[in-house]
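Scroll down for the structure; my scribbles are underneath it.
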Amino acid sequence: MMNKDFYDELPGMVCLMLDDFIEQYSKEEWFESAWEEYRQHILNSSMENMLMPGAIFNKYIKNEVEE
């Protein structure tokens with residue numbers, strides 16, 4: 001189970017996007033690293049400078065495609 005302790009800080013739409021990422025990619029080797037990177041970003045950001053999940057996850061997905 002993924003640590004969702006940061007979900008309270010996010011709009012519902014972003015939580016749905018993250019749940020979709022879990023469903024699609026949670027079995028990938030890189031997923032835990034991407035998840036933790038996004039989680040730390042949210043925990044250390046203000047609402048004004050938060051990135052959408054794709055800003056982090058897409059670089060991992062792109063690396064997977066290139067390999």
Side-chain angles (χ1 to χ4, degrees):
M1 186 63 144
M2 305 310 309
N3 187 348
K4 297 181 177 181
D5 62 344
F6 59 97
Y7 268 41
D8 291 341
E9 304 294 321
L10 300 173
M13 180 183 74
V14 175
C15 296
L16 291 174
M17 292 172 66
L18 288 167
D19 288 341
D20 188 50
F21 280 126
I22 291 170
E23 186 176 322
Q24 288 186 52
Y25 300 110
S26 64
K27 293 182 180 11
E28 301 295 334
E29 290 181 24
W30 52 264
F31 185 80
E32 286 186 38
S33 296
W35 185 267
E36 188 59 23
E37 184 176 340
Y38 190 69
R39 181 177 167 272
Q40 289 301 318
H41 166 72
I42 296 303
L43 294 174
N44 295 305
S45 297
S46 67
M47 187 59 82
E48 292 82 37
N49 64 358
M50 279 186 191
L51 298 174
M52 293 296 284
I56 305 248
F57 283 88
N58 285 342
K59 69 182 179 182
Y60 287 89
I61 294 166
K62 181 181 177 194
N63 285 339
E64 178 183 316
V65 170
E66 290 177 353
E67 291 178 356

Gap between atom CD of Glu37 and atom CH2 of Trp30 - 0.5 Å precision: 11.0 Å
From Ile22 atom CD1 to Lys27 atom NZ, the distance as rounded to the nearest 0.5 Å: 11.5 Å
Side chain to side chain donor-acceptor pair (under 3.5 Å) against Glu9, all qualifying residues, sequence neighbours excluded: none
Full working for side-chain contact (heavy atoms from CB on, under 4.5 Å) between Ile61 and Tyr25: CA-CA 9 Å; Ile61 294 166; Tyr25 300 110; 3.6 Å; yes
Any Asn3 side-chain heavy atom under 4.5 Å of Glu36 side chain: no
Test item: Tyr60 and Phe31 side chains (from C-beta on) under 4.5 Å apart, heavy atoms: no
Which atom of Pro53 lies closest to which atom of Phe21, heavy atoms considered: CB-CE1, 3.6 Å
Under 3.5 Å: donor-acceptor pair, side chain of Tyr38, backbone of Leu51: yes
Polar side-chain atom of Asn49 near backbone of Ser45 as donor-acceptor pair, under 3.5 Å: no
Ignoring hydrogens and angles, write down the donor-acceptor pairs under 3.5 Å from the side chains of residues 12-19, residues two or more places apart or on other chains.
residue, atom, partner, partner atom, Å
Asp19, OD1, Lys4, NZ, 3.1
Asp19, OD1, Tyr7, OH, 2.8

side-chain contact (heavy atoms from CB on, under 4.5 Å) between Asn58 and Lys62, worked out: CA-CA 6 Å; Asn58 285 342; Lys62 181 181 177 194; 5.9 Å; no
CD/Gln40: more than 12 non-hydrogen atoms of other groups inside 6.0 Å: yes
